[in-house]
Amino acid sequence: MQPQGPLPQLREIRVAELAELPQQNIRTDDDVAAWHKTRGYRDYWLFLLRLNEAVANHEVPQRDASCGPAAAALISILNELDSWIDDIPPLQSPQRFGNLAFRTWGDRLTQLLHPVIPYVKPIFVTSFGSFLRMDYGTGHETSFAMFLCCLTLVRFFEPSPDRERELVLRVFVRYMRLCWRLQDVYKLEPAGSHGVWGLDDYCFLGYVFGSAQLREQTKFPVSAILRPSLPQNNLYCMCITRIHQVKHGPFHEHSSQLYAIATGVPNWAKVNSGLLKMYEGEVLSKRVVVQHLPLGGLLSLDED
């Protein structure tokens, strides 16, 4: 699914011209199909393709590497959210699903964002999990990617390859690490997990971007992810390492999809194009995943 030519520029939106606020608009499978025909969906998909292209043949930089002021500002916010976990430790009473302290963390997040323009606040808040169900999944991850898309549509981030690369290799990586810590400390359940038949219990885009990073090289074959001590300068390898930290037993048993990719797909270009198709089919086309996404506003519901 790599583009055959240069991707078009992401359009610019003026907030003053918006009339509707984002809200949950998907309730039926027909709503999902209608959403796929909207301008907001087209904007988001183009944004993902641009991020995918921007990281090809680039590694995740060291944590102390410099970045642009917009990316640095957002990383600073994510760092602050991470520090709240120390302020709000998990409750010690027995709890069956998740830890109720996560709701306290979510309450603080909602209060912090009161001054933020209403067109991005609900999208950002949804990015870290459900404070009601105390779970996290690919829909929440998608919400964060949509938040980055919205900030680019209003030109807080410039849609240039260098800035888009920063969004993935600096901002999204910092977001992933924060979400992993939230999952570990507050024992968040996977939202809508497919079990051993799913790609990953919690995330998807890390594999998309990570396979794009490796797309134009041949020294690290697809099967290399089955070897121990994976390099941590690639999102795909970071996600695989994360699986080994939280799951036990043979990899081919608990992560059969990833094992099948490692043993059956010949190169990273095919992995990348296949994962993009799978993301659209298994995440963006599943009502149970996207029904909680706040849509409208910057993510226009006007038919394209």
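Heavy-atom basis, side chains included; hydrogens, waters and symmetry copies ignored. The first residue of the sequence shown is numbered 1, and numbering continues consecutively from there. Note that this is a predicted model, so its numbers are computed, not measured.
We find the OG-CD1 distance between Ser255 and Ile240 to be 6.5 Å, quoted to the nearest 0.5 Å. Considering CD1 of Ile13 and CG of Leu299, their distance stands at 7.5 Å, rounded to 0.5 Å. In this structure, SG in Cys67 is found 8.5 Å from CZ in Arg163, a value given to the nearest 0.5 Å. The CG atom of Asp135 sits 10.5 Å away from atom CD of Gln183, with the distance rounded to the nearest 0.5 Å. With rounding to the nearest 0.5 Å, the separation of CG in Leu226 from CG in Leu230 is 9.0 Å. Atom CD of Glu189 is separated from atom OG of Ser130 by 12.0 Å, given to the nearest 0.5 angstrom.
Counting heavy atoms from C-beta on, the side chains of Leu205 and Leu48 come closer than 4.5 Å. With contacts defined as side-chain heavy-atom distances shorter than 4.5 Å, the pair Thr38/Glu303 does not qualify. At least one side-chain heavy atom of Gln257 sits under 4.5 Å from a side-chain heavy atom of Met278. Counting heavy atoms from C-beta outward, Asp87 and Arg108 have side chains that approach closer than 4.5 Å. Residues Asp201 and Lys247 form a side-chain contact, since some pair of their non-hydrogen atoms from C-beta on lies under 4.5 Å apart. Taking 4.5 Å as the limit, some side-chain heavy atom of Asn25 sits within range of a side-chain heavy atom of Gln23. Considering only heavy atoms from C-beta on, Leu21 comes within 4.5 Å of Pro118 through its side chain. Side-chain contact between Glu164 and Ser160 is absent, with no heavy-atom pair separated by less than 4.5 Å.
With sequence neighbours excluded, no residue forms a side chain to side chain donor-acceptor pair (under 3.5 Å) with Tyr186. For Gln217, there are no side chain to side chain donor-acceptor pair (under 3.5 Å) partners, not counting sequence neighbours. Under the side chain to side chain donor-acceptor pair (under 3.5 Å) criterion, Asp43 pairs with Arg11, sequence neighbours left out. Considering only residues two or more places apart in sequence or on other chains, Asn57 meets the side chain to side chain donor-acceptor pair (under 3.5 Å) condition with none of them. With sequence neighbours left out, Tyr279 forms a ring-ring contact (aromatic ring centres under 6.0 Å, His included) with Phe204.
Nearest approach of Ser143 to Pro294, heavy atoms of both residues: OG-CD, 4.2 Å. Pairing each heavy atom of Arg50 with each of Pro8, the nearest pair is NH1-O, 3.0 Å. What you find for Leu169 and Glu59 is that their closest heavy atoms are CD1-O, 3.2 Å. Scanning both residues, Trp180 and Met238, for their nearest heavy atoms gives CH2-O, 3.8 Å. When all heavy atoms are compared, the tightest approach of Met176 to Cys239 is SD-SG, 4.1 Å. Arg227 approaches Pro221 most closely through the heavy-atom pair NH2-CG, 4.1 Å.
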Dump the intermediate steps for side-chain contact (heavy atoms from CB on, under 4.5 Å) on Leu91 and Gln95, then the final yes or no. CA-CA 9 Å; Leu91 301 178; Gln95 296 172 54; 3.3 Å; yes
With salt bridge (Lys or Arg N to Asp or Glu O under 4.0 Å) as the test, would you mind laying out the steps for Asp82 and Arg177 before giving the verdict? CA-CA 9 Å; Asp82 196 307; Arg177 289 182 172 130; over 6 Å; no
Start with the C-alpha gap between His140 and Tyr202, add the side-chain angles, then the distance that decides, and say whether ring-ring contact (aromatic ring centres under 6.0 Å, His included) holds. CA-CA 9 Å; His140 304 107; Tyr202 292 98; 10.0 Å; no
Under the side-chain contact (heavy atoms from CB on, under 4.5 Å) criterion, do Asp31 and Gln291 qualify, and how do the steps go? CA-CA 9 Å; Asp31 291 338; Gln291 64 185 349; over 6 Å; no
Might you work through the side-chain contact (heavy atoms from CB on, under 4.5 Å) test for Phe47 and Leu167, ending with a clear yes or no? CA-CA 11 Å; Phe47 177 71; Leu167 283 181; 3.9 Å; yes
Could you walk me through whether Tyr44 and Leu284 pass side-chain contact (heavy atoms from CB on, under 4.5 Å), step by step? CA-CA 11 Å; Tyr44 177 62; Leu284 299 183; 4.1 Å; yes
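No salt bridge links Asp29 with Lys286; every basic N to acidic carboxylate O contact stays at or beyond 4.0 Å. The pair Asp184-Arg242 meets the salt-bridge criterion, with a side-chain N (NZ, NE, NH1 or NH2) lying under 4.0 Å from an Asp/Glu carboxylate O.
In this structure, the side chain of Gln24 does not engage the main chain of Leu293 through any donor-acceptor pair within 3.5 Å. A donor-acceptor pair is defined here as one N or O able to donate and one able to accept, closer than 3.5 Å; such a pair exists between the side chain of Ser273 and the backbone of Ala269. Without hydrogens or angle criteria, Arg42 side chain to Lys37 main chain gives no donor-acceptor distance under 3.5 Å. The main-chain N or O of Leu182 is never found under 3.5 Å from a side-chain atom of Trp105 such that the two would form a donor-acceptor pair. Using modelled atom types, one side-chain atom of Ser211 and one backbone atom of Val208 make a donor-acceptor pair closer than 3.5 Å. Thr126 places a side-chain N or O within 3.5 Å of a backbone atom of Pro122 that can act as its donor or acceptor partner. At least one donor-acceptor pair under 3.5 Å links the side chain of Ser127 to the backbone N or O of Ile123. With Arg170 contributing its side chain and Ala71 its backbone, the two residues share no donor-acceptor pair below 3.5 Å. The closest donor-acceptor contact from the side chain of Arg103 to the backbone of Phe131 lies under 3.5 Å. In this structure a side-chain-to-backbone donor-acceptor pair under 3.5 Å is missing from Asn234 to Gln232.
Judged purely by distance below 3.5 Å, without hydrogens or angles, the side chains of Asn272 and Asn52 pair a donor atom with an acceptor atom.
Below 30°, between 30° and 60°, or above 60°: for Phe124 and Phe144 the angle between ring planes is between 30° and 60°, a tilted geometry.
Residues in residues 15-37 take part in these ring-ring contact (aromatic ring centres under 6.0 Å, His included) pairs, two or more places apart or across chains: Trp35-Tyr41, His36-Tyr41.
By the rule that hydrophobic residues join a cluster once side-chain heavy atoms approach within less than 4.5 Å of another member, Ile85 and Val246 end up as members of separate clusters. Taking hydrophobic clusters as Ile, Leu, Val, Met, Phe, Trp and Tyr residues chained together by side-chain heavy-atom distances below 4.5 Å, Val171 shares a cluster with Phe156. Under the 4.5 Å side-chain heavy-atom criterion for Ile, Leu, Val, Met, Phe, Trp and Tyr, Leu7 and Leu276 are members of the same hydrophobic cluster. The hydrophobic clustering, which links ILVMFWY residues whose side-chain heavy atoms are closer than 4.5 Å, places Val288 and Leu188 together.
Heavy-atom contacts from other residues, nucleotides or ligands closer than 6.0 Å to OH of Tyr259 number 12 or fewer. Crowding of Glu12 atom CD: a count of heavy atoms from other residues, nucleotides or ligands under 6.0 Å exceeding 12.
Checked against the 6.0 Å centroid threshold, Tyr175 and Phe128 count as a close aromatic pair.
Geometrically, Arg215 does not engage Trp268 in a cation-pi contact, judged by NZ or CZ lying under 6.0 Å from the ring centre and within 45° of the ring axis.
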